[in-house]
Structures are given as C-alpha cells and as structure tokens.
Amino acid sequence: MGGNSLLNLLLCDKGHLTKPSNPATAKAVTTTILNHLDSGRLRKAVSILFYAPFPFHFSLYARLFQLCSSTGSRAIVEARKVESHLFTFSPTPPVFLVNRAIEAFAKCGSLGDARELFEEMPQRDGGSWNALITACSQSGSPEEAFRLFVKMSRSGFLPNEITFASVLGSCAAVLALSLSRQVHGLIVKYGFGGNVVIGSSLVDIYGKCLIMDDARKIFDEIKNPNDISWNIIVRRYLEMGEGEEAIVMFFQMFKAAVRPLKFTFSNALVACSSISALDEGIQIHGVAIKMGFDDDEIVSSSLIDMYAKCGDLESASAIFDQPNSKDVISWTSIVSGYAMSGQTWKARELFDEMPERNVISWNAMLAGYTRYSQWEEAVDFLFLMRNTTNNIDQVTLGLILKVCAGLLDVELGKQVHGFIYRHGFSSSMFVGNGLLHMYSKCGKMRSAKTVWFHQISHWQDRVSSNALLSSYAHRGRSELAMTIFCEMQW
DNA sequence: ATAGGGTTAG
C-alpha cells in the first residue's frame, strides 16, 4: 500500500480532487460505468473508474472486484486498478471490501497480492481469514492454508462453514488421512456436519483415500445431497472399481429428484462401460434424451464412448453421425472402439479422416495394433507417428514397449529404456510395467529384476509384482518367485 | 452485504 498512501498524501492537499465538484458528476459516471458492466465491458468500466478523481459507492467497488475474478476474465490488471483507486480515495475502506479485494487477487492467480493486502489490513474479521485461507487452498498452497487455519483460531476467530470448506479443499489436495480425520472431528464438534458442501467434501476425501465405507456413511448423513454431492459419490464408486454401485447411486439420484450434472451422466456411463453394462447404458441414454442432455457435447461423447466400449459400434456411430457431436474426444472414442474390437482397418480409416488429432488419438490407434498383435502395422504406425507428431507421453512409451515385447526386440527395447530414462518418464507406473513386461518377455530376467527393484518396488503395485512373479513362475523359477514375493511382502 | 465442494477420450 506504500504507493497508495503516497498518492493519498499528495491528493489530500488538493481538496477539490477528493470530491466531485458537482455531485451529479459522480452519479453520471457511475451510470456510465454500470452501463459498460451490463454490456460486459469490464476493462472500459475500470478504466473510467481509474481516471475519475473522486470516490465511488462501496458497492460499486465490490461489484468490480467480483467481476475481475469471475470465471473467464481473471483480470489481474483491472483488479489492481480498482484496488488502487479504492485506497486512494477511501484510505480506510470497510473490512468487507478489502476481503473482496483479497478474493479477487487470489482468483486472478496472484496469491502474493492477496497475502500482502491481508497483512497490511489494520483490522480483520473472520471473512478476511477465510478469504486468505481459501486463496491458499485454491492456489496450491495447502500447507499454508493449514498454518493460517491454526493461526486464525489462535487469534480468536472461530472457524465457520466457509473456513472448513476451504480447509477440506486443502485436505483433498494433500490427501492426508489422519489430518482429514482431525478436521472432520472439529467439524462435528462445531456442529457443521450437516452442511451439504462440507459433507460432500468429506465424502470426496474419504473416497479418494479409498475408504468407501466411511465415505458412504457420511453421504447418507447429508440431509439433502445436491447435484455435486451425487456427482462425487458416483465418481468415487467408479474410481474404486465399483461400477455397479456407481450405477445404482446414479439411479437413486432420480428418486431423490435431483437433476444430474452432465459430468454425472458421463461418470455413470463410464461406470457402465467398466462393467460392460450395456442395458443400463441404454437406460441412461433414454434418461439423457428425456432430460434434454443428449445434445450436450460431454454427454454425447460419453454415450459414444459407452456404446463403443460395450461393443455396440452401430449405436456409437449413430450418435457420432449426428450434427455437432464430432469433436476430438468423440472421434477418439469411435476410433478406439473399432481398434479395440479388432477392426483395426476400419479404425485406421477413421483415424486418417480425423480433422484433428492429439496424443490420445494416436495412442488409441496404437493400442489397437498392439492388442491384436499386429506388430508390422504397429511399427509402420510408429514411423508415421514419429514423422507427424512430437507429442509422446507415458502411454505411448508403454505401448512402444509392448511392441518391443511382441517383436522380442530387446535391442529396440533398450533404446526405448534409454529414452525413458533421459526424458524422465521412469516414474510412470505405465512405463515401469511396460519395461518389466518387455524384459521378462524377452527373457532378460536380470534386467527385469533390476527395473523392478530400482523403480517399481516402492509403488507396491500389484500389476508389476504380478508381471514379474508370473514370468518367473512361467520359466520354472518358482523358488526365485517365492523369494521375490517375500521381499515384496516386506 | 459475501465467502465453500465436483470434471467427458488411451
């Protein structure tokens, strides 16, 4: 605020500047600003405010701060201008308005500005603490959010629902179970357990910590779960691999007369494909049509994906052929559907027609070739890929390793291993499993073991351990398999 | 004269 105070000092001498010479002027300028805001011209509105040498009503500043942070605009320059004007002509603005400014800075991605403003506030209220805690938890500084939460209590401010909602946001970011349980305890103690937002966040956290029983208990205790609560529970069941329960919950949502979100549709549809539940998928399709969700991009591409994964490529194509449903995602779904059902030729035809491709599209095609052991096509495709795109990710590398394994080409595999090492892909589980599989398949058990011990053991991952164990067992080395199994247990 | 939660293709 140093600069602002200096400006204040200078302006205080010029009394005529701090008040409009004509009260009608302020009113007229306010009207102009409001007109610009109504037409969505935030920059213009702020610019007029910035050059007006007199204060405005506090509610105008509040509205401007909110607009600066509203989704899409993220106007940090404008937020700074509004703040500067506010402090210039109202050296001690009300606390709530400074809170709005903190929120605006945080939402524009400038945690530094938010923090500075908070620290320089002569007095704060609970809202100021909440604003900064929220700022930290949304800008990827969960630890600082926890620290502030403790400091807030020590400064004599009681946490409210908003505080806990933000703190839970940080808990979800770090997924620290014991910390979350402590916060949960406090929430119950303060009597906020029935709050929908807080309950939903707790469901989200316990679900992400893989404790579905607790998540479900908390969900059942929410008095009126809303669309987001239902979305969370469906999603968490899906991610736990309990597709059936996810679908059950999706249909229960209608009994509770809650209108689903489009994402809930897609989560439920992914659940259907995860357990090949075509009938339920068709039912959900019907519901989507009834509720007018079928022309939504996300829902229709999820439908295409569901039909494709359940093997009903005709229905998938039918939706795909409708206008407005062809985007990269649905293109990729359809290509993947044909590729993974063995019709790689048809998939390739569609792939070649794609107006736009990304890594996932390329991987989908490659995955088809590898699944059906079409190594020659896969190699040709890799050459094409190399000449067309620089976009490669851990999934591509995992697939390339599968190709090496399929061709029993350990030399190529070693080159890929070198590439993986140099480009920092080693930490990916997908790549690690690929390496392990490739070396095992090529009979290089020493290399496989090295990969396992150096990269994979600390993941405690079932897939990789099984890959190694089964290949040892296959080669009649069951005593070695047992040794490794014991080390793994340890 | 307010603030908080969830994200479709491999």
Side-chain angles (χ1 to χ4, degrees), chain A residues 57-59 61-63 65-66 69 94-104 106-107 125-135 137-138 159-172 192 195-205 207-208 222 225-236 238-239 260-270 273 293 296-306 308-309 325 327-337 339-340 354 357-368 370-371 393-396 398-399 430:
Chain A
H57 198 269
F58 290 140
S59 63
Y61 292 102
R63 176 140 181 235
F65 280 133
Q66 271 167 342
S69 58
V95 178
F96 89 89
L97 205 45
V98 185
N99 295 351
R100 290 298 83 75
I102 293 174
E103 285 153 19
K107 286 201 178 129
D125 63 9
S128 321
W129 287 93
N130 287 345
L132 194 62
I133 291 175
T134 307
S137 108
Q138 288 178 348
N160 66 3
E161 283 113 316
I162 309 293
T163 321
F164 281 116
S166 296
V167 172
L168 285 175
S170 297
C171 289
F192 296 133
N195 180 298
V196 199
V197 176
I198 289 179
S200 308
S201 300
L202 285 169
V203 173
D204 188 45
I205 292 167
K208 281 179 178 159
I222 302 176
N226 62 16
D227 47 6
I228 299 183
S229 326
W230 284 102
N231 187 51
I232 294 172
I233 193 86
V234 170
R235 175 82 195 184
R236 296 282 84 89
L238 168 65
E239 283 182 354
L261 298 166
K262 52 188 176 178
F263 293 114
T264 317
F265 269 104
S266 51
N267 288 329
L269 288 165
V270 173
S273 26
F293 273 98
D296 179 272
E297 268 184 348
I298 291 177
V299 174
S300 77
S301 61
S302 304
L303 280 166
I304 292 170
D305 193 58
M306 181 277 295
K309 288 214 176 79
S325 52
D327 59 2
V328 203
I329 295 178
S330 52
W331 267 102
T332 305
S333 289
I334 236 43
V335 166
S336 169
M340 296 314 261
M354 283 180 82
R357 307 177 189 94
N358 57 26
V359 209
I360 301 179
S361 331
W362 285 92
N363 290 345
M365 193 59 235
L366 187 56
T370 55
R371 172 178 234 188
D393 69 1
Q394 72 279 9
V395 179
T396 322
L399 290 167
F430 210 86

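We name chains A, B, ... by the order of the sequence lines, and we start the count at 1 in each one.
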Visitor: Looking at every strand, decide which applies to Arg371(A) at a 4.0 Å heavy-atom threshold: base, sugar-phosphate, or nothing.
Guide: nothing
Visitor: Can you list the residues that meet the side-chain contact (heavy atoms from CB on, under 4.5 Å) rule with Val359(A), with sequence neighbours excluded?
Guide: Asn363(A), Asn391(A), Asp393(A), Thr396(A)
Visitor: Under the 3.5 Å rule, do the base of dG4(B) and the side chain of Asn195(A) count as making a donor-acceptor pair?
Guide: yes
Visitor: Classify the nucleic acid contact of Ala367(A) as base, sugar-phosphate or nothing, counting any heavy atom under 4.0 Å across all strands shown.
Guide: sugar-phosphate
Visitor: Contact class for Asn231(A) (heavy atom, under 4.0 Å): base, sugar-phosphate, or nothing?
Guide: base
Visitor: Would you mind checking if Arg235(A) and Glu239(A) are paired as a salt bridge, meaning a charged N to carboxylate O distance below 4.0 Å?
Guide: yes
Visitor: Among the candidates dA9(B), dT2(B), dG4(B), find the nucleotide nearest to the side-chain atoms of Ser333(A).
Guide: dA9(B)
Visitor: What is the separation between atom CZ on Arg357(A) and atom P on dA9(B), rounded to the nearest whole Å?
Guide: 21 Å
Visitor: What is the distance, rounded to the nearest whole Å, between atom CZ of Phe164(A) and atom P of dG5(B)?
Guide: 15 Å
Visitor: Please determine, for the side chain of Asn160(A), which listed nucleotide (dA9(B), dA3(B), dT2(B)) has the closest atom?
Guide: dA3(B)
Visitor: Given dT8(B), dA9(B), dG4(B), which nucleotide is nearest the side-chain atoms of Ile198(A)?
Guide: dG4(B)
Visitor: Taking atom C1' of dT7(B) as reference, at what distance in whole Å does atom CG of Leu269(A) sit?
Guide: 14 Å
Visitor: Would you mind reading off the distance between Arg235(A) atom CZ and dG5(B) atom P, rounded to a whole angstrom?
Guide: 18 Å
Visitor: For the side chain of Ile329(A), starting at C-beta, report the closest nucleotide among dA3(B), dA9(B), dG5(B).
Guide: dA9(B)
Visitor: Starting the side chain at C-beta, find the nucleotide from dG5(B), dA9(B), dT8(B) nearest to Asn226(A).
Guide: dG5(B)
Visitor: Please state how far atom CH2 in Trp362(A) lies from atom C1' in dA9(B), giving the value in whole angstrom units.
Guide: 16 Å
Visitor: Could you tell me if the side chain of Val328(A) sits less than 4.5 Å from the side chain of Ser361(A), heavy atoms only?
Guide: yes
Visitor: For Ser330(A), report the nucleic acid contact type (base, sugar-phosphate, nothing); a contact means any heavy atom under 4.0 Å.
Guide: nothing
Visitor: Under the side-chain contact (heavy atoms from CB on, under 4.5 Å) rule, collect the residues that match up with Ile298(A), sequence neighbours excluded.
Guide: Lys262(A), Phe263(A), Ser266(A), Asp296(A), Ser302(A)
Visitor: With a 3.5 Å distance limit and no angle check, can you tell me whether Thr264(A) reaches the backbone of Pro260(A) through a side-chain donor-acceptor pair?
Guide: no
Visitor: Tell me whether the side-chain N/O atoms of Lys107(A) come closer than 4.0 Å to OP1 or OP2 in dG4(B).
Guide: yes
Visitor: Could you work out which one of dT2(B), dA9(B), dG4(B) sits closest to the side chain of Arg100(A)?
Guide: dT2(B)
Visitor: In this structure, how many angstroms lie between the P atom of dA9(B) and the CG atom of Asp296(A), rounded?
Guide: 13 Å
Visitor: When you get a sec, tell me which of dT8(B), dA9(B), dG4(B) is the closest nucleotide to the side chain of Ser166(A)?
Guide: dG4(B)
Visitor: Please report the distance, rounded to the nearest Å, between CD in Glu239(A) and P in dG6(B).
Guide: 12 Å
Visitor: If you take all heavy atoms of Pro159(A) and Phe192(A), which pair is closest and at what distance?
Guide: O-CE1, 3.7 Å
Visitor: Assign Val270(A) to base, sugar-phosphate, or nothing according to its heavy-atom contacts below 4.0 angstrom with the strands shown.
Guide: sugar-phosphate
Visitor: From dA1(B), dG6(B), dT2(B), pick the nucleotide closest to the side chain of Phe96(A)?
Guide: dA1(B)
Visitor: Identify whether any heavy atom of Asn130(A) sits under 4.0 Å from a base atom; if not, whether one sits that close to sugar-phosphate; answer base, sugar-phosphate or nothing.
Guide: base
Visitor: Hey, what do you get for OG (Ser200(A)) to CG (Asn226(A)), rounding to the nearest 0.5 Å?
Guide: 5.5 Å
Visitor: What's the CD-C1' distance between Glu297(A) and dA9(B), to the nearest Å?
Guide: 13 Å
Visitor: Nearest to the side chain of Ile228(A) - dA1(B), dG6(B), dA9(B)?
Guide: dG6(B)
Visitor: Using a 4.0 Å heavy-atom cut-off across all strands, classify Asn358(A) as base, sugar-phosphate, or nothing.
Guide: base
Visitor: Which of the following nucleotides, dA9(B), dT8(B), dG4(B), is nearest to the side chain of Ile298(A)?
Guide: dT8(B)
Visitor: Select base, sugar-phosphate, or nothing to describe what Asn99(A) touches, counting heavy atoms under 4.0 Å on all strands.
Guide: nothing
Visitor: Just checking Ser200(A): base, sugar-phosphate only, or nothing, at a heavy-atom cut-off of under 4.0 Å?
Guide: base
